[in-house]
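Read through the structure below, which is laid out as structure tokens, and then see the notes.
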Amino acid sequence: ICLYREYRQVRESYGTRPVIERTEDLFASAPMLSSGVLMRMISGICTKSKVTVGSFSPEEVGREGDMSLISSQLCLTGDFVGLLKVLARVEDINEVKISGAEFSTMKVGKKGKTIQLKLTIVQVEDHKL
């Protein structure tokens, strides 16, 4: 419950402010979303944290020359602590940015709550790299 209160406080302090505030925060890098590299990078922490990947769906939302803007929906399920560990790992990857995160309770059972985390991740990919 304490973690949830902290999450709520942080969420309220951000309000409706976008996660990516400046275009300088985005820089082109080798494809990680469209190539699936991101999924390989987080698979270990997902396994350790008993987090299940429900879906991962990257799509190109814009292109200019060799650069493309890729947005991906990543849907994860597990317990709250496990999901926070995966979220922290994704945040540590400099080449991608999290533009949205939404927690929701899926079911409550004898083994505890199963929570779903929907992440929206973006990357400017340089296809020459």
Side-chain angles (χ1 to χ4, degrees):
I1 293 185
C2 291
L3 286 175
Y4 183 71
R5 268 192 235 125
E6 288 177 30
Y7 162 73
R8 296 281 300 187
Q9 288 174 345
V10 169
R11 184 175 174 189
E12 289 170 6
S13 70
Y14 280 103
T16 58
R17 194 172 68 179
V19 175
I20 300 172
E21 295 179 344
R22 303 178 317 237
T23 55
E24 297 87 38
D25 288 343
L26 293 174
F27 58 93
S29 57
M32 294 185 71
L33 294 179
S34 64
S35 66
V37 171
L38 175 77
M39 293 307 298
R40 288 191 294 276
M41 291 178 75
I42 66 168
S43 65
I45 190 73
C46 286
T47 302
K48 283 182 195 175
S49 302
K50 298 180 182 173
V51 169
T52 305
V53 177
S55 64
F56 175 69
S57 54
E59 66 177 286
E60 185 177 291
V61 293
R63 176 180 278 279
E64 187 173 319
D66 290 325
M67 311 290 254
S68 58
L69 177 62
I70 305 295
S71 178
S72 180
Q73 295 291 318
L74 177 59
C75 201
L76 305 166
T77 56
D79 67 3
F80 192 67
V81 174
L83 291 171
L84 288 178
K85 288 178 183 178
V86 175
L87 178 60
R89 175 66 180 114
V90 173
E91 285 178 329
D92 288 342
I93 301 171
N94 292 328
E95 292 83 4
V96 299
K97 299 291 180 190
I98 297 172
S99 65
E102 178 184 331
F103 288 93
S104 59
T105 302
M106 291 184 59
K107 63 181 176 179
V108 178
K110 293 179 183 177
K111 296 182 180 181
K113 289 183 182 180
T114 300
I115 299 172
Q116 182 178 59
L117 171 59
K118 291 181 183 178
L119 289 176
T120 304
I121 305 168
V122 294
Q123 180 189 18
V124 178
E125 295 183 350
D126 186 345
H127 293 277
K128 288 192 299 184
L129 297 176

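Remember, predicted model here, so these are calculated numbers, not experimental data.
- One finds the CG atom of L84 at 9.5 Å from the CD atom of E91 (value rounded to the nearest 0.5 Å).
- Judged by distance alone, with hydrogens and angles left aside, the side-chain atoms of E125 form no donor-acceptor pair with the main-chain N or O of I70 at under 3.5 Å.
- Note that the CD atom of Q116 and the OG atom of S104 stand 4.5 Å from one another [nearest 0.5 Å].
- For the pair V37 and P31, the minimum side-chain heavy-atom distance is 4.5 Å or more.
- Separating the CG atom in D79 from the CD1 atom in I115 is a distance of 7.0 Å, to the nearest 0.5 Å.
- Contact of the L38 side chain with the E95 side chain is not registered, since no non-hydrogen atoms from C-beta on lie closer than 4.5 Å.
- Side-chain N or O atoms of Q123 include none that pairs as donor or acceptor with a backbone N or O of S68 at under 3.5 Å.
- Considering OG1 of T114 and CZ of F80, their distance stands at 14.0 Å, rounded to 0.5 Å.
- Side-chain contact between L87 and I98 is present, with at least one heavy-atom pair separated by less than 4.5 Å.
- Considering CG of L117 and CD of E102, their distance stands at 9.0 Å, rounded to 0.5 Å.
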Table please: side-chain donor-acceptor pairs of residues 41-55 below 3.5 Å, with sequence neighbours left out.
unit_1	atom_1	unit_2	atom_2	d
S43	OG	R40	O	3.1
T47	OG1	S43	O	3.0
S49	OG	I45	O	2.9

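- Taken to the nearest 0.5 Å, the CD1 atom of I121 stands 5.0 Å off from the CG atom of L74.
- Closest of all the heavy-atom pairs between V122 and L69 is CB-CD1, 4.4 Å.
- The shortest heavy-atom contact between L33 and P58 is O-CG, 3.7 Å.
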